[in-house]
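Below, read A as the first sequence line, B as the second, and so on, with proteins coming before strands; counting in each chain starts at 1.
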2 protein chains.
Amino acid sequence: MAKKKAVDDADGAERPALPATSWAVLGLLSFGEELSGYDLKKWSDWSLRFFYWSPSFSQIYSELKRLEQAGYATSRMVAQETGTRDKRVYRITGEGMEAVRTWAREAPVDPPVLKHGPMLRLWLGHLLEIQQMREVLARHREFAETMRQRAEEDMEGAKANEAWSYPTLTLKWAERYYASERDLAEAMLADIEELERGKRP
Amino acid sequence: MAKKKAVDDADGAERPALPATSWAVLGLLSFGEELSGYDLKKWSDWSLRFFYWSPSFSQIYSELKRLEQAGYATSRMVAQETGTRDKRVYRITGEGMEAVRTWAREAPVDPPVLKHGPMLRLWLGHLLEIQQMREVLARHREFAETMRQRAEEDMEGAKANEAWSYPTLTLKWAERYYASERDLAEAMLADIEELERGKRP
DNA sequence: CGCTGATGTTTCTAATAGAAATACTTCTAG
DNA sequence: CTAGAAGTATTTCTATTAGAAACATCAGCG
């Protein structure tokens, strides 16, 4: 007998246990639109990118298949008007809606995952010249400011639509988050300069 | 003929291209101590955890093998005093030292990777009750404050040692980072309360 | 007419995460 | 005094995730 991992939710329904990425994809569908894998990639690059992953196509397409298998989404082929390639579009089902809702409400609050390459480099400061540390921090600062601006711009675009009020809030959060990243880089730069002054008085 | 991916560094030496995790492990060894896989796991949980990954044992052990293969580390078996199990300890080689140094100095500054589960949940606010949003944010706030405190404590411990001055700086950064995360959660909570007031005036 | 770029999907490989198995020892509470 | 929990130490297995590349079609542009 093939064992399928499953969890029993508070509402008693047994549902397959899915990884975070599946929920993210299903979450994108939960706004109600009928979307292709390609659309989903674009949407996630657009909004989720600021605080959650940039999924690869391969993952999106395989998640979609899994979601359809699980009965959380249905798909149909769409022949495009102007002769462009046919595509398969997905729509969330009632069951899928119920499943994401349950997940969003009841999943444990896991800590965010952070992999901060620039900090890893600076942590190895004993291998660097001060000039290289400045360089790493300057580039990171620049990156943070760029992301901050984009979050701000995207927020302006999202504000208009009533349905996007929560995404708008998270964009606001992102705008502040990247502002903070920028300032933290600045502060660390100052710390490094001070440390350096202390070494050669 | 087996093709091996390799990169030519600025100094002309051809070195195997390694993933970030390898560099992190080699970075841990670059402080000069002779360490076992188990030790490395503990050290990384201790210091790297605040801004970079918590590696799994399986990864650490396989990275160590790869590093030894590449000539960046050597190992020897150590019989333990009090009858506890023998262990294999690793030490960085001159070549390894040169390789991490080059990596730390010359690798491109990649953007940090963030997967913020709590934000993903709130982004799906249309599926939640306000009470559940408060809950998610409160837990996240708590997590951030705990991490902030730990970073602060660890920094106190690291400050004493001259060799740890750069790790100390990154712990200081981490302390500020988690303070900011905590405050950002607070701010978003306020935003949500305001949004809610606006919905039912 | 060939080039670039956008849409759209699939395939492959490598990297990463995480649990669990194995093995031995020391500490601790009943 | 002893069973069980917790610490040290490593390996194996599986699933998830990342990323490049291949494949395919068409629109617009010079």
**Student:** Counting only side-chain heavy atoms from C-beta out, which of C:dA15, D:dA9, D:dC13 sits nearest to B:Tyr61?
**Tutor:**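 Looking only at side-chain atoms, B:Tyr61 lies closest to D:dA9.
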**Student:** Looking only at side-chain atoms of A:Lys87, point me to the closest of D:dT11, C:dG8, D:dA18.
**Tutor:**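 Given the options D:dT11, C:dG8, D:dA18, the side chain of A:Lys87 is closest to C:dG8.
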**Student:** How close or far is atom C1' of D:dA15 from atom CD of A:Glu63, stated in whole angstroms?
**Tutor:**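 Between C1' of D:dA15 and CD of A:Glu63: 11 Å.
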**Student:** Can you tell whether the side chains of A:Asp154 and A:Arg49 come within less than 4.0 Å, N to carboxylate O?
**Tutor:**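 Looking at A:Asp154 and A:Arg49, the cut-off is met.
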**Student:** With sugar-phosphate meaning primed atoms plus P, OP1 and OP2, does A:Thr21 contact a base, only sugar-phosphate, or nothing at under 4.0 Å between heavy atoms?
**Tutor:**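 Sugar-phosphate contact only - A:Thr21 comes under 4.0 Å of backbone atoms but never of a base.
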**Student:** Take atom CD1 of B:Ile60 and atom P of D:dT10, then tell me their distance rounded to the nearest Å.
**Tutor:**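 Between P of D:dT10 and CD1 of B:Ile60: 11 Å.
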**Student:** How many whole angstroms separate atom NZ of B:Lys115 from atom C1' of C:dG18?
**Tutor:**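 To the nearest whole Å, that distance equals 14 Å.
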**Student:** Looking at the side chain of B:Pro19, which of C:dT16, C:dG8, C:dA19 is the nearest nucleotide?
**Tutor:**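 Output: C:dT16.
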**Student:** Contact class for A:Ser56 (heavy atom, under 4.0 Å): base, sugar-phosphate, or nothing?
**Tutor:**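 Answer is base: heavy atoms of A:Ser56 come under 4.0 Å of a base.
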**Student:** Are the ring centres of B:Phe50 and B:Tyr177 closer than 6.0 Å?
**Tutor:**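 When the ring centroids of B:Phe50 and B:Tyr177 are compared, they turn out to be at least 6.0 Å apart.
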**Student:** One thing to verify: whether B:Glu129 and A:Arg105 come together as a salt bridge, which I'm taking to mean a side-chain N less than 4.0 angstrom from a carboxylate O.
**Tutor:**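 So A:Arg105 pairs with B:Glu129 through a salt bridge.
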**Student:** Between C:dA15, D:dT17, C:dT10, which one does the side chain of A:Phe57 approach most closely?
**Tutor:**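 My answer, after comparing the listed nucleotides, is C:dT10.
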**Student:** Indicate yes or no: does A:Glu145 engage A:Arg141 in a salt bridge with an N to O separation below 4.0 Å.
**Tutor:**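 Salt bridge: no.
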**Student:** Can you tell me how far C1' of D:dT10 sits from CG of B:Leu40, to the nearest Å?
**Tutor:**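 Between C1' of D:dT10 and CG of B:Leu40: 13 Å.
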**Student:** Taking the minimum atom-to-atom distance to the side chain of B:Ser58, which one of C:dT9, C:dA17, D:dT16 wins?
**Tutor:**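 Side chain of B:Ser58 sits closest to C:dA17.
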**Student:** Grab the OH-P distance between A:Tyr38 and D:dC26 for me, whole Å please.
**Tutor:**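 Rounding to the nearest Å, OH of A:Tyr38 and P of D:dC26 are 16 Å apart.
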**Student:** Quick one: are the ring centres of B:Trp123 and A:Tyr52 less than 6.0 Å apart?
**Tutor:**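 They do not qualify: ring centres at least 6.0 Å apart.
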**Student:** Using whole Å, report how far CG of A:Leu64 lies from P of D:dT17.
**Tutor:**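 Distance, rounded to whole Å: 14 Å.
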**Student:** Any side-chain N or O of B:Trp53 under 4.0 Å from OP1/OP2 of C:dA17?
**Tutor:**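 For B:Trp53, the contact criterion (side-chain N or O under 4.0 Å from OP1 or OP2 of C:dA17) is met.
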**Student:** Which nucleotide in the list C:dG18, D:dT17, D:dT8 gets nearest to the side chain of B:Lys42?
**Tutor:**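 The listed nucleotide nearest to B:Lys42's side chain is D:dT8.
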**Student:** Hey, is the side chain of B:Gln59 poking within less than 4.0 Å of OP1 or OP2 on C:dA15, counting only N and O atoms?
**Tutor:**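 No, because none of the side-chain N or O atoms of B:Gln59 sits under 4.0 Å from OP1 or OP2 of C:dA15.
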**Student:** Calculate the interatomic distance between A:Leu114 atom CG and C:dA17 atom P; express it in whole Å.
**Tutor:**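 My rounded result for the distance is 12 Å.
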**Student:** When you measure from the centre of the six-membered ring of A:Trp103, is the NZ or CZ of B:Arg121 closer than 6.0 Å and no more than 45° off the axis?
**Tutor:**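 Yes, cation above the ring, under 6.0 Å and within 45°.
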**Student:** Within this structure, what is the CG-to-P distance between A:Leu48 and D:dA18, rounded to whole angstrom?
**Tutor:**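 One finds 12 Å between P of D:dA18 and CG of A:Leu48, rounded.
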**Student:** Which nucleotide in the list D:dT10, D:dC13, D:dT17 gets nearest to the side chain of B:Ser36?
**Tutor:**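 Nearest nucleotide to the side chain: D:dT10.
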**Student:** From the set C:dT9, D:dT10, D:dT17, return the single nucleotide nearest to any side-chain atom of B:Arg88.
**Tutor:**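 In terms of side-chain proximity for B:Arg88, the closest of C:dT9, D:dT10, D:dT17 is D:dT10.
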**Student:** Kindly say if A:Lys65 contacts the phosphate of C:dT10, meaning a side-chain N or O under 4.0 Å from OP1 or OP2.
**Tutor:**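 The answer is yes; a side-chain N or O of A:Lys65 sits under 4.0 Å from OP1 or OP2.
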